[in-house]
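Worksheet: the structure to be examined is printed underneath.
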Amino acid sequence: MGNDMNAAGPSRTGPRQPEPDLREPGPREPDGDRRTARRTECHWPDAREPDPLDETWQSVDEVFSAEPESGAAVAVPGPSATPSAGPALSYGQGPQQSAPSYEPGPVGTPPCAPPPAPDGPGAYGGAVPVLGAPFHSGPKPPLYAPEPLELPSVRQDPAAALTPDMVVDGAGYGALTVRAASVRGDSHRYQGEPRQDSLAVVRLGAPGPDGLLLLAVADGVGSAARSHVGSQEACRLAAMELEGVSAELAETVRAGDRPGFAALVDTAVGRIATLLAHRAREHGDDPAAYATTLRALLVPLDPRVRTRGFLAVGDGGTALLRAGEWNLSLTDPEHDGDGMIETRTAALPHGHRARALLLGPALPGDVLVLCTDGLSTPLAGDAGMRDFLGAGWGRGTVPGPADFLWQLQYRVKSYDDDRTAVVLWEAVP
């Protein structure tokens, strides 16, 4: 933040502004004369003189004190006209239908489908439907409460204290719809530690079909003291560095040029690592304290291009939900899908090399999930979560941002890490 301080306020080396005269009265400035001058400047009207507004206030009082005549109609302003909400985002099959009702079963909780909305203004009568606590696998929920608990202290770490417990984001570009959310894990909530995951949903390049969507997630390494800052910086630097070569990246994706795409990504990731280490040293920190993974998708906005670019430094997950079936080894074929946690992983800023792939072709109705291991690990290890998210995300309807955030918080016992996902829906024509 060092150089940003001067940008937010006046420069310390700039010309000094004249200060107000706050001197005490001296011999050449008798106190009595100063009081006289102030009385001259602020002359209050004599209370004995008639106030020209008295007549106006009297007429107003008469209007409010007068009782309405018997049988007289009292005009009451009606509800203001509000524009009706347009159809919800879907795969081109008309307005969004109501959310599916999840029957009691392996999740061990009652169904939570909201009741149908009553007709007419004010018909709810205070009974507003709510989603309630997130669903969970097994007969009992995890012991941690599914809500924010202890908060980090500003005194100990302002950056940690100002990191929200959860965030939700999204976007829609033609046939592409994105939902994104990041939630602080149960263990971090219990211990008063910050959310170490971060995400980014941004557009790169020129306006129009030549642009790209950048979808990114970053997972701060748990043992690194400033990894919550590192993950945020990794997402920000990825957006800035990939923007600089967005035209070249779009061309390699369009042409299916994997070596060219990999070379561009490798150079950009090297710069991200260098800048992240510089940021740490600039603030007197060890670069290792900013350790974080980074995983990103580059999605062309041209609907004719069905290839998607992928890059990763470190662990996480990339899953494909197609026709109701999960593919959890889309970019990580070495993972056997057993849900085991891998504690050894490459990370920025010491890791300067990225894995780069071209994925595709994307099909209408595909759902592509980019996530940190807070989701990929339980998704691989728990069939209940796969069934739940498959039903919520793979039925041809894109959930609203609030619904997506609630669905992402599906709980699996013993999995208490931060959870972050950016999900891309490919529309059905």
In the structure I gave you, are the side-chain heavy atoms of [X] and [Y] within less than 4.5 Å of one another anywhere?
X	Y	value
Leu321	Val369	no
Arg355	Arg295	yes
Glu243	Met240	no
Asp285	Val229	no
Phe310	Leu330	no
Glu248	Asp257	no
Arg419	Pro378	yes
Leu348	Glu233	no

Out of curiosity, [X] [atom1] to [Y] [atom2], how far, rounded to the nearest 0.5 Å?
X	Y	atom1	atom2	value
Asp157	Glu193	CG	CD	11.0 Å
Leu199	Leu370	CG	CG	10.0 Å
Asp186	Ser414	CG	OG	11.0 Å
Phe388	Arg411	CZ	CZ	12.5 Å
Leu359	Leu320	CG	CG	9.0 Å
Leu298	Leu213	CG	CG	9.5 Å

Margin query: Given Arg189, which partner from the list Asp418, Asp165, Asp417, Asp416 fulfils the salt bridge (charged side-chain N to carboxylate O under 4.0 Å, His left out) test?
Written below: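 Only match with Arg189 under salt bridge (charged side-chain N to carboxylate O under 4.0 Å, His left out): Asp165.
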Quick one: closest heavy-atom pair of [X] and [Y], and the distance?
X	Y	answer
Arg179	Pro399	NE-O, 2.8 Å
Ala161	Val154	CB-CG2, 3.5 Å
Val221	Ser227	O-OG, 3.0 Å
Gly381	Arg386	N-NH1, 4.1 Å
Val253	Pro300	CG1-CG, 3.6 Å
Arg308	Ala362	NE-CB, 3.6 Å

Any side-chain donor near an acceptor of the partner, [X] and [Y], under 3.5 Å:
X	Y	value
Thr420	Ser182	yes
Ser137	Tyr410	yes
Thr372	Asp219	no

Checklist line | Chi angles and distances behind the side-chain contact (heavy atoms from CB on, under 4.5 Å) call for Leu276, Thr292 | finding: CA-CA 10 Å; Leu276 186 59; Thr292 180; 4.2 Å; yes
Check: Backbone N or O of Ala200 within a donor-acceptor pair of the Arg236 side chain at under 3.5 Å?
Finding: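 No, the answer is negative, given that no donor and acceptor are paired below the 3.5 Å cut-off.
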Margin query: Donor-acceptor check, side chain of His352 to backbone of His350, threshold 3.5 angstrom: yes or no?
Written below: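 Checked: pair present.
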Notebook entry, point to check: Looking at Asp197, Leu375, Leu297, Val422, which one forms a side chain to side chain contact (heavy atoms under 4.5 Å, CB included) with Val217?
Noted result: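 Exactly one candidate clears the test, Val422.
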Next item on the list: Could you check Glu426 against Leu176 for side-chain contact (heavy atoms from CB on, under 4.5 Å), going step by step and ending with a plain yes or no?
Entry: CA-CA 5 Å; Glu426 307 272 357; Leu176 304 173; 3.4 Å; yes
Acceptor/donor pairs from residues 262-270 side chains to any protein atom, 3.5 angstrom cut, sequence neighbours excluded:
from: Asp266; atom 1: OD1; to: Arg353; atom 2: NE; distance (Å): 3.2
from: Asp266; atom 1: OD1; to: Ala354; atom 2: N; distance (Å): 3.3
from: Asp266; atom 1: OD2; to: Arg353; atom 2: NE; distance (Å): 2.6
from: Asp266; atom 1: OD2; to: Arg353; atom 2: NH2; distance (Å): 3.1
from: Thr267; atom 1: OG1; to: Ala263; atom 2: O; distance (Å): 3.1

Next item on the list: Show your reasoning for whether side-chain contact (heavy atoms from CB on, under 4.5 Å) applies to Arg258 and Thr307.
Entry: CA-CA 11 Å; Arg258 178 177 174 179; Thr307 304; over 6 Å; no
Notebook entry, point to check: Do NZ/NE/NH1/NH2 and the carboxylate oxygens of Arg279 and Glu282 come within less than 4.0 Å?
Noted result: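 Salt bridge: no.
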Notebook entry, point to check: In terms of side-chain geometry, is the basic nitrogen of Asp210 or Arg254 positioned less than 4.0 Å from the acidic oxygen of its partner?
Noted result: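 Yes, Asp210 and Arg254 are salt-bridged.
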Checklist line | Arg271 atom CZ, over 12 foreign heavy atoms within 6.0 Å | finding: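 No, the 6.0 Å shell around CZ holds no more than 12 heavy atoms from other groups.
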